[in-house]
Amino acid sequence: MAEETKSLRQIRLEKLKRLREKGVDPYPVAAARSHLARDVVSSFAELEGEQVAVAGRITAFRTHGKASFADLADASGKIQLYFKSDFLGDRFELLDLLDLGDFLAAAGKVFKTKTGEVTVAVEKFDVLAKGLLTPPVVKTEKTAAGEVVHDEFADPEKRYRKRYVDMMVNEPARDRVLTNAKVLRAARRYMDGEGYVEVETPILQPLYGGANARPFTTYHRDLETNLYLRIADELYLKRLLVAGFEKVYEIGKDFRNESIDRVHYPEFTMLEAYEAYGDYRTMLTLTVGLITAAAAEIRGTLKLEYQGRDVDLTPPWPEIRMVGTLNERMEDYGLGDVLTCPEKDLEAVFRADALSELWPKVEGRWSRARAVDVLFDALVVPELWRPTVVTDYPAELSPLAKRQRANPALAERFELYIATMEIANAFSEQNDPEEQRRAFEAQAKARAAGDEEAQQLDEDFLEALEYGMPPTGGLGIGLDRVAMILADAPNIREVIAFPQLRIKK
RNA sequence: GGGCCAUUAGCUCAAUUGGCAGAGCAACUGACUCUUAAUCAGUAGGUUACAGGUUCGAUUCCUGUAUGGCCCUCCA
């Protein structure tokens, strides 16, 4: 600990000691509170002249000799306190022993100052928790142009490492985490309202499946076996459809052992839902309903701004066909259809100057489907700003989905993109055990060829399918990303309360 | 894994060509009984991320390391 920190802390320790010498308990068990800060302000008309008791953290002091003002912040907002020696007598001197960051309870009459600020004229106050460390002092100035933040606690590393300090002093940081909580609540409310049953399936799994990703591995001592942290809930939720459940959903963390960037985080929150007798169109209706309901509930509008650009969530959302759109975009290369053209021609496209930078993405694990996926990601996805539903994915990229009857090369599947982020992914779920086995075997082949993210063959899941699973629509929604959109968060870590950083040695 | 950039007081940031490391906020002392980035006067606070190198002299130039950010790569 730096010398300077020690001395600031030392000063506070001495104040703590002096409080105790004066018979003040700096850490009492409980506090009486009659009103939230915001409610005192909003109900001023009724509360003027009435006694209130508020409690919170001291965020500012403005002393004037025998009178002092302080700002007291609780979860609802801020209220100004007015300490006057006439009201407080000997207790007024205790103010010298208070610091920014301390928790305080204060009781007194509500009034409005000369300058019009709703304030509590404190007649009695109690220390609730003495702080020993000095929080960063962030001040906001009200100007004609709006609020200006001074000395903002803004260093990304400090903010993420001491997230409780970040959220203590930066209200927007707190709000983004709160928005995440609201998304969870809105999603549950919507799914429950649609008659879905919320279930829990294993996080520790003997085999991982349901997505293409590298897992985290752990070891169970008593079972004497390696287990994986799930990368998806999918295969267990489908077993529940075999079991006789018809509408199930799960909200939980999935774990994928990949790097962190603006939109990816190794433990992220996924909503998965499965509906018997539904298909991917059923799940699209559900997705639109859930996301618009969440936006309306949390933001009060469907017309949002994300990172300075308008995002209108008003349905219907445009639909584009993945392969069809790509074919249009690739007309200059004279391929015709990327799914049926000679594979050599498709490969040649990656040698063309304009696309040569994409070659490393397919080199070494070439397949037509992968090539199509890479091209779509590079050429089309960056343009998908407004909510866009993408259909007609190659079946090969969708091993857990049913094939389209009219065109077996394509899967019954959609992905939803908003602000170029993949938000949702849904299929008509494969329920033919033999088709499913073939798809798994193709994955096993890709795996053997070096694709570390290809899926494993899950015999128990296949056995479950052999008992019969009804035709089913399935859906996954990345809830952190929904929260990003609704919180206007530039980075997925902003909506996560305690994002992981490298351990500092 | 690769490229670029950053790291100075508790917090936010300066420091000219390589020449005594500064300011605001916070803290401390004092003044002030309606302030709100309160104000005014004063005081204290530093291993310039870490380890080396070049130099009479390094916050500054060089090398390495650590951590972080952004952009690539991979996952949703």
Side-chain angles (χ1 to χ4, degrees), chain A residues 1-12 14-15 59-71 78 80-88 92 96 99-101 111-117 119 121 133-143 147-162 165 169-170 211-215 231-232 254-266 268-270 357-358 360-361 365 374 377 381 415-417 421-425 451-453 476-482 484 490-493 501-505:
Chain A
M1 188 175 286
E3 201 61 29
E4 174 59 15
T5 306
K6 242 185 219 166
S7 75
L8 285 178
R9 186 166 177 273
Q10 195 59 42
I11 289 162
R12 285 180 177 235
E14 281 157 18
K15 289 179 178 176
T59 58
F61 261 119
R62 292 176 291 279
T63 60
H64 295 267
K66 296 264 189 291
S68 279
F69 293 89
D71 292 338
K78 276 184 183 178
Q80 181 169 251
L81 304 179
Y82 179 50
F83 299 90
K84 198 176 182 186
S85 74
D86 301 351
F87 300 156
L88 292 165
F92 189 81
D96 290 340
D99 286 298
L100 298 181
F111 77 110
K112 214 172 232 183
T113 63
K114 275 185 201 164
T115 50
E117 176 126 351
T119 301
L133 294 176
T134 307
V137 181
V138 179
K139 298 189 176 188
T140 50
E141 180 182 14
K142 285 172 199 144
T143 67
E147 285 198 341
V148 179
V149 179
H150 297 274
D151 298 336
E152 184 179 3
F153 184 63
D155 181 87
E157 184 175 356
K158 285 172 185 158
R159 287 185 54 227
Y160 289 138
R161 282 200 195 280
K162 298 292 173 190
V165 175
V169 301
N170 292 332
N212 292 39
R214 273 182 284 232
I231 60 173
D254 286 349
F255 305 87
R256 299 187 184 176
N257 209 335
E258 302 287 351
S259 55
I260 298 168
D261 67 22
R262 203 178 70 77
V263 293
H264 295 93
Y265 192 73
F268 64 102
T269 303
M270 180 80 104
E357 60 188 25
L358 297 178
K361 297 193 184 201
R365 41 186 195 149
V374 166
D377 273 353
V381 169
E415 287 197 350
L416 169 67
Y417 285 84
M421 285 187 275
E422 187 186 334
I423 301 292
N425 184 16
D451 186 350
E452 287 182 70
E453 284 148 14
I477 300 181
L479 292 184
D480 316 80
R481 288 184 179 175
V482 174
M484 285 173 71
N491 188 304
I492 194 168
R493 287 183 296 181
L501 291 183
R502 210 174 288 272
I503 306 299
K504 243 184 173 170
K505 287 164 191 140

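Throughout, protein chains are lettered first and strands after them, A, B, ... in sequence-line order, and every chain is numbered starting at 1.
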Inset, instruction - For B:rG18 and B:rA27, measure between their P atoms and round to the nearest Å. - result: 39 Å
Legend entry - Distance between P atoms of B:rG22 and B:rC32 (Å, rounded): 33 Å
Below 4.0 angstrom from OP1 or OP2 of [N], is there any side-chain N or O of [X]?
X	N	value
A:K361	B:rC72	no
A:K158	B:rU12	yes
A:N257	B:rC74	no
A:R262	B:rC70	no

Of the candidate nucleotides [options], which contains the atom at the shortest distance from the side chain of [X]?
X	options	value
A:V137	B:rC25, B:rC11, B:rC34	B:rC25
A:S85	B:rU36, B:rU33, B:rU67	B:rU33
A:R214	B:rC74, B:rG68, B:rA27	B:rC74

Heavy atoms under 4.0 Å, any strand shown: does [X] hit a base, just sugar-phosphate, or nothing?
X	answer
A:F153	sugar-phosphate
A:A424	nothing
A:E453	sugar-phosphate

Legend entry - Main-chain N/O of A:F153 paired to A:N170 side chain as donor or acceptor, under 3.5 Å: yes
